[in-house]
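In this chain, residues are counted from 1 in sequence order.
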Amino acid sequence: MGNEKLSFKEVRNSSSPKTTLWWFFLIATCVKVLLFPSYRSTDFEVHRNWLALTHSLPLSRWYFDETSPWTLDYPPFFAYFERFLSFFAHLVDPQIVHLQEGLNYSSNKVVYFQRFTVILSDLSLLYGVYRLTQKLDSRKQKLIYSLVIWSPMLLIVDHVHFQYNGFLIGILLISLSYLEEGRDLLGGFVFAVLLCFKHLFAVAAPVYFIYLLRHYCWGGIVRGFSRLLIMGSLVAAVFASAFGPFFHLGQIQQVIQRLFPFGRGLCHAYWAPNFWVFYIMSDKGLAFILRKLGFNIQTPAASFTAGLVGDSSPFSVLPRVGFVFMLFCSLNKLTCYLIEKMHTRVCYHLC
């Protein structure tokens, strides 16, 4: 009786979630390694340059350096992350982190090193998925593992195009897992850390604020205010640790200008898959038709696909859309959504 053998199906089903998740990650890693020599975008050189400038320059010059057109435009925590990676890059090949000689450097050493750092940083995604799914049944866990760890989107954008989105999404999932456990303070802390890595996640900040306000701070004036003060102090401490050194150097305005380069226009290198892409296409179509009809329509010298700060909203026919108008549209839509959610919450308590 004690020597009965388990079938293959029973052995597979008896494996722990951790083991299963590691197998998913290992298979994904094998595919990623095969993609090492594949196409890579200008973002590859962007991150190589950030390795060089954070390694070669003092912190006071990080957000001023213009040796390369691909200037540092991520928040300080990501700059510190690049600084950390640069120590290992220097050991692999000193030219990787040379500010001048390293420009457009593309040897096998730098390619393999940078590709490997993306794979290694995906451990954040692995941990985030594990935390968020540990209470689900095996079938749902495997479904989520396959959708996230084997995500074609992350595979293409991170391991072909070249970015660190898996690393950042992993931090987001860790934050959400703490919220799911009712550990709101820790969830808010991790999300604040995420914002100091990549500020584009700020689009989720109002939702986090409303959730934490009603779930963590709700419940009387004294209790609510004290908890709001605790949460605010924690978030302020995170931002102080990230931006404090630059505030001390009197460079906070320069950092803000780098983080929000409105000169890139509506669709920075066509990275906004929304209504404004169709707006741009309509402008180009109208310009083409009007030229055919004999109208003198000038072709702008700037480009929507350059990805650099400057005149990158070169409309020929339709009105140019500015930052103020876009801010109004975004805040208006977001405010309506948040008011609706708050109203639903209040009605629920009243009933």
Side-chain angles (χ1 to χ4, degrees), residues 17-18 21-22 24-25 28-29 32 43 46-47 50-51 54 72-86 88 114-136 141 144-145 147-151 153-159 161-212 215-216 231-244 255 259 271:
K18 288 183 181 180
L21 184 56
W22 275 111
F24 272 84
F25 184 77
T29 299
K32 294 168 186 176
D43 276 345
V46 169
H47 286 279
W50 293 357
L51 289 173
T54 55
L72 180 60
D73 58 6
Y74 270 32
F77 276 179
F78 200 93
Y80 303 152
F81 172 67
E82 294 278 7
R83 168 71 171 173
F84 170 74
L85 294 179
S86 71
F88 301 99
Q114 290 194 221
R115 294 286 196 197
F116 178 73
T117 62
V118 180
I119 292 177
L120 198 60
S121 69
D122 279 347
L123 291 173
S124 164
L125 183 66
L126 190 74
Y127 182 62
V129 170
Y130 169 73
R131 283 194 53 84
L132 204 57
T133 60
Q134 55 186 335
K135 294 182 180 179
L136 300 178
Q141 284 179 339
I144 294 175
Y145 295 167
L147 291 175
V148 179
I149 303 301
W150 291 351
S151 168
M153 178 274 292
L154 286 177
L155 190 68
I156 294 171
V157 175
D158 282 8
H159 303 279
H161 176 91
F162 193 86
Q163 286 189 11
Y164 290 88
N165 291 295
F167 167 62
L168 299 168
I169 292 174
I171 300 176
L172 177 63
L173 295 183
I174 293 170
S175 172
L176 292 174
S177 70
Y178 285 126
L179 296 184
E180 187 182 44
E181 295 173 358
R183 302 166 73 180
D184 296 334
L185 197 62
L186 198 51
F189 167 77
V190 175
F191 182 71
V193 170
L194 175 62
L195 291 180
C196 293
F197 269 100
K198 190 166 185 177
H199 53 307
L200 293 184
F201 285 94
V203 295
V207 179
Y208 260 79
F209 175 75
I210 295 298
Y211 175 83
L212 292 172
H215 192 262
Y216 179 71
M231 179 65 73
S233 300
L234 188 63
V235 172
V238 172
F239 276 81
S241 64
F243 293 91
V255 174
L259 296 185
W271 274 100

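The minimum heavy-atom distance linking Leu194 with Leu168 is given by the pair CD1-O, 3.5 Å. In terms of heavy-atom proximity, Pro75 sits nearest to Leu195 at CG-O, 3.6 Å. Between Ala242 and Pro76, the closest heavy-atom pair is O-CB, 3.2 Å. Nearest approach of Glu180 to Leu132, heavy atoms of both residues: OE1-O, 3.6 Å. Between Lys32 and Leu155, the shortest heavy-atom distance links the atoms CG-CD1, 3.7 Å. Trp50 and Tyr74 get closest at one heavy-atom pair: CH2-CD1, 3.5 Å.
Between Phe239 and Cys196, some side-chain heavy-atom pair lies under the 4.5 Å cut-off. Within the 4.5 Å cutoff, the side chain of Leu179 has heavy atoms near those of the Leu212 side chain. Taking the side chain as every heavy atom from C-beta outward, Tyr164 and Lys198 never approach each other to under 4.5 Å. Counting heavy atoms from C-beta on, the side chains of Tyr127 and Leu173 never come closer than 4.5 Å. With contacts defined as side-chain heavy-atom distances shorter than 4.5 Å, the pair Phe189/Asp184 does not qualify.
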**OP:** Using the ring pair (Phe, Tyr, Trp, His ring centres under 6.0 Å) rule, take Phe78 and His47 through it: C-alpha gap first, then chi angles, then the decisive distance, then the call.
**Re:** CA-CA 11 Å; Phe78 200 93; His47 286 279; 5.7 Å; yes
Original post:
Stepwise, does the side chain to side chain contact (heavy atoms under 4.5 Å, CB included) test hold for Gln163 with Val118?
Top reply: CA-CA 7 Å; Gln163 286 189 11; Val118 180; over 6 Å; no
**OP:** List the steps, then state whether side chain to side chain contact (heavy atoms under 4.5 Å, CB included) holds for Leu259 with Phe243.
**Re:** CA-CA 12 Å; Leu259 296 185; Phe243 293 91; 3.9 Å; yes
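In terms of modelled atom types and a separation under 3.5 Å, the side chain of His161 and the main chain of Asp43 share no donor-acceptor contact. Side-chain atoms of Tyr216 do not come within 3.5 Å of backbone N or O of Arg183 as any donor-acceptor pair. Between the side chain of Ser86 and the main chain of Arg83, a donor-acceptor pair closer than 3.5 Å is present. Using modelled atom types, no side-chain atom of Thr133 and backbone atom of Gln141 make a donor-acceptor pair closer than 3.5 Å. Listed for the Ser124 side chain is no donor-acceptor partner under 3.5 Å among the backbone atoms of Ser121.
In this view, Asp158 and Asn165 satisfy the side chain to side chain donor-acceptor pair (under 3.5 Å) rule, not counting sequence neighbours.
With rounding to the nearest 0.5 angstrom, the OG1 atom of Thr117 is 9.5 Å from the CG atom of Asp122. Note that the CZ atom of Phe24 and the CG atom of Leu126 stand 11.5 Å from one another [nearest 0.5 Å]. One distance of note links CG of Leu154 with CG of Leu147; it measures 11.5 Å at 0.5 Å rounding. Annotation: the span from Leu125 atom CG to Phe25 atom CZ amounts to 8.5 Å, rounded to 0.5 Å. One distance of note links CE of Met231 with CZ of Phe209; it measures 10.5 Å at 0.5 Å rounding. Rounding to the nearest 0.5 Å places CD1 of Ile144 at 11.0 Å from CD1 of Ile149.
Surrounding OH of Tyr211 are more than 12 heavy atoms belonging to other residues, nucleotides or ligands, all under 6.0 Å away. Heavy-atom contacts from other residues, nucleotides or ligands closer than 6.0 Å to OH of Tyr80 number more than 12. Annotation: Phe116, atom CZ; neighbour count of heavy atoms from other residues, nucleotides and ligands within 6.0 Å does not exceed 12.
Residues Tyr145 and Trp150 keep their aromatic ring centres 6.0 Å or farther apart. Note: Phe167 and Phe81 meet the aromatic proximity criterion, with ring centroids under 6.0 Å apart. Not less than 6.0 angstrom separates the ring centroid of Phe191 from the ring centroid of Phe201.
The existence of a salt bridge linking Glu181 and Arg131 is confirmed by a sub-4.0 Å separation between a basic side-chain nitrogen and an acidic carboxylate oxygen.
Tyr208 and Ser175 share a donor-acceptor pair across their side chains, judged by distance under 3.5 Å alone.
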